[in-house]
Protein chains: 2
Amino acid sequence: MTEPRWLDEREERAWRGYRRMRRLLDLELARELAQDAGLSEPDYDVLSDLSETPGQRLRLSELADRMLWSRSRLSHHLGRMQQRGLVTREECTDDGRGSVVALTPAGRQAIEAAAPGHVAAVRRHLIDLLSPEEVTALGTLTHRVVDQLAGSRRPPNAAATDPTPEG
Amino acid sequence: MTEPRWLDEREERAWRGYRRMRRLLDLELARELAQDAGLSEPDYDVLSDLSETPGQRLRLSELADRMLWSRSRLSHHLGRMQQRGLVTREECTDDGRGSVVALTPAGRQAIEAAAPGHVAAVRRHLIDLLSPEEVTALGTLTHRVVDQLAGSRRPPNAAATDPTPEG
DNA sequence: ACAGGCTGGTTGACATGTCACCTACCGTAG
DNA sequence: CTACGGTAGGTGACATGTCAACCAGCCTGT
């Protein structure tokens, strides 16, 4: 029970700023996306990931891993998107258990209509407010944090030979 | 319909990194907080904000504004926290419509028990991974983005004399 | 072949957040 | 005082996400 190292003023500022930015940026991007394209951010992410994949189709587990979603969440969400005609499920030929999500023409149309506006919003509210050095620094710093977290993460099926054996 | 300026490689890296960090950091911090203190992040934020306020009590609208929450969300969430004995509602003497949330002893105990571990987690997964320059840069950059968003935000009751009249 | 464990995906119950609407109260104009 | 518009907060229906089972198909050892 050593006395914790609290955040100093500089650190506090960064942490609060990060959280506030996170919240406001999220609200605004979601608002514009919903208004302009009728999509939620999760919708957009799914469609975007699919549209960038050759064949516009992915195994569910592959998609879930990329998006860092639980399988359950993905399954529920795809059900809703399927209702709206944005994606379809197909059988997986390799693996009888699996299935594959594919972009429908409507889904492709939706993402193509939404993308320019969304990118513009990302620029307007974030990227274009930063200097080139800041953009680079943000990329560097976030990737470092991500690598650290991804490394120490305990995915359900990780091997037991882990460098940090339950600190 | 001018051709959109897509993100270049550097910008793309920053944007993806940001989103991935956002997600992973969130998952991990929430996981640790739930495990170690039995609190969700929203719980923590409410308790933390209250505990830093002289008198440990706040008007609901004040708290909602600080946290950037809708009043509805706050009302629902406080109901749940009240059930668990972390906060209480009191009448507001100034304003017959209003009410005030106050920290209970249990609530104070909960936040005091949770804070050291949470700060340590924030350090371990974010702050301590950054150089002092990066921390400063993060503070600067996030605050710039926040100010921009807050400025252009259209709060329900904003005046119509806005510098950006719906581009 | 087939038992047993693992993986991919789904489902239902529940927790959480959002939206539209409601009521009570404030403040001001007449 | 009374009417009226605006604000504070609460409520219920619904959308979304989580968690814990669950089923089906794969895989390996015998």
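The analysis underlying the following values was restricted to heavy atoms, covering all of them including side chains, and did not include hydrogens, waters or symmetry mates. Remember, predicted model here, so these are calculated numbers, not experimental data.
For A/R144, the side chain to side chain contact (heavy atoms under 4.5 Å, CB included) partners at least two apart in sequence or on another chain are A/T140, B/L130, B/E134. A/R97 pairs by the side chain to side chain contact (heavy atoms under 4.5 Å, CB included) definition with A/D95, not counting sequence neighbours. Every residue two or more places apart in sequence or in another chain was checked for a salt bridge (Lys or Arg N to Asp or Glu O under 4.0 Å) with A/D36, and none qualifies. With sequence neighbours left out, the salt bridge (Lys or Arg N to Asp or Glu O under 4.0 Å) criterion links A/E133 to no other residue. Partners of A/R84 according to the salt bridge (Lys or Arg N to Asp or Glu O under 4.0 Å) rule, which considers only residues two or more places apart in sequence or in another chain, are A/D43. Partners of A/R123 under the side chain to side chain contact (heavy atoms under 4.5 Å, CB included) rule, at least two apart in sequence or in another chain, are A/I127, A/D128, B/R5, B/L7, B/E11. Residues passing the salt bridge (Lys or Arg N to Asp or Glu O under 4.0 Å) test with A/D8 are A/R10, sequence neighbours excluded.
A salt bridge does not link B/E41 to A/R23: none of the charged side-chain nitrogens sits closer than 4.0 Å to a carboxylate oxygen.
For B/Q35 and D/dT18, the CD to P distance is 17 Å, given to the nearest whole Å. In this entry the distance linking CD of A/E91 with P of D/dG25 reads 10 Å, nearest Å. Regarding A/R73, its CZ atom lies at a distance of 18 Å from the P atom of C/dT11, rounded to whole Å. The interatomic distance linking A/R80 (CZ) with D/dA15 (P) rounds to 10 Å, in whole Å. Following rounding to the nearest Å, B/Q83 (CD) and D/dG10 (P) show an atom-to-atom distance of 14 Å. One interatomic measurement links the two molecules: CG of A/L68 to C1' of D/dG17, which rounds to 15 Å at whole-angstrom precision. With rounding to whole Å, A/W69 atom CH2 is found 15 Å from C/dG9 atom C1'. Atom P of nucleotide C/dT16 and atom CG of B/L39 are separated by 12 Å, given to the nearest angstrom.
Residues from residues 40-47 of chain A that place a heavy atom under 4.0 Å from any atom of DNA chain D, listed by number: A/P42. For residues 49-66 of chain A, proximity to DNA chain C is found at A/R59, A/L60, A/S61, defined as any non-hydrogen atom under 4.0 angstrom from a strand atom. Contact check of residues 93-101 of chain B against DNA chain C (heavy atom, cut-off under 4.0 Å) returns B/D95, B/G96, B/R97.
The aromatic rings of B/W69 and B/H77 lie perpendicular to each other, with more than 60° between the two planes, well past the 30° mark.
Remark: side-chain polar atoms of A/H143 are paired, donor with acceptor, to backbone N or O of B/R13 under 3.5 angstrom. Side-chain atoms of B/T104 come within 3.5 Å of backbone N or O of B/L86 as a donor-acceptor pair.
Counting heavy atoms from C-beta outward, A/L50 and A/Q56 have side chains that stay 4.5 Å or more apart.
Between the axis at the start and the axis at the end of the helix from C/dA1-D/dT30 to C/dG30-D/dC1 there is an angle of 0°, using five pairs per end and rounding to 10 degrees.
Applying the 4.0 Å criterion to OP1 and OP2 of D/dG17, one finds that A/H77 has a side-chain N or O inside that range. Phosphate contact (OP1/OP2 of C/dT18, side-chain N/O of B/R71, threshold under 4.0 Å): absent.
For the salt bridge (charged side-chain N to carboxylate O under 4.0 Å, His left out) condition, the pairs that include at least one residue of residues 69-83 of chain B, sequence neighbours left out, are B/D65-B/R71.
By the rule that hydrophobic residues join a cluster once side-chain heavy atoms approach within less than 4.5 Å of another member, A/L68 and A/L60 end up as members of separate clusters.
A/H76 comes within contact range of at least one nucleobase, with a heavy-atom separation under 4.0 Å.
The base of D/dT11 sits within donor-acceptor range of the side chain of B/S72, with an N or O pair under 3.5 Å.
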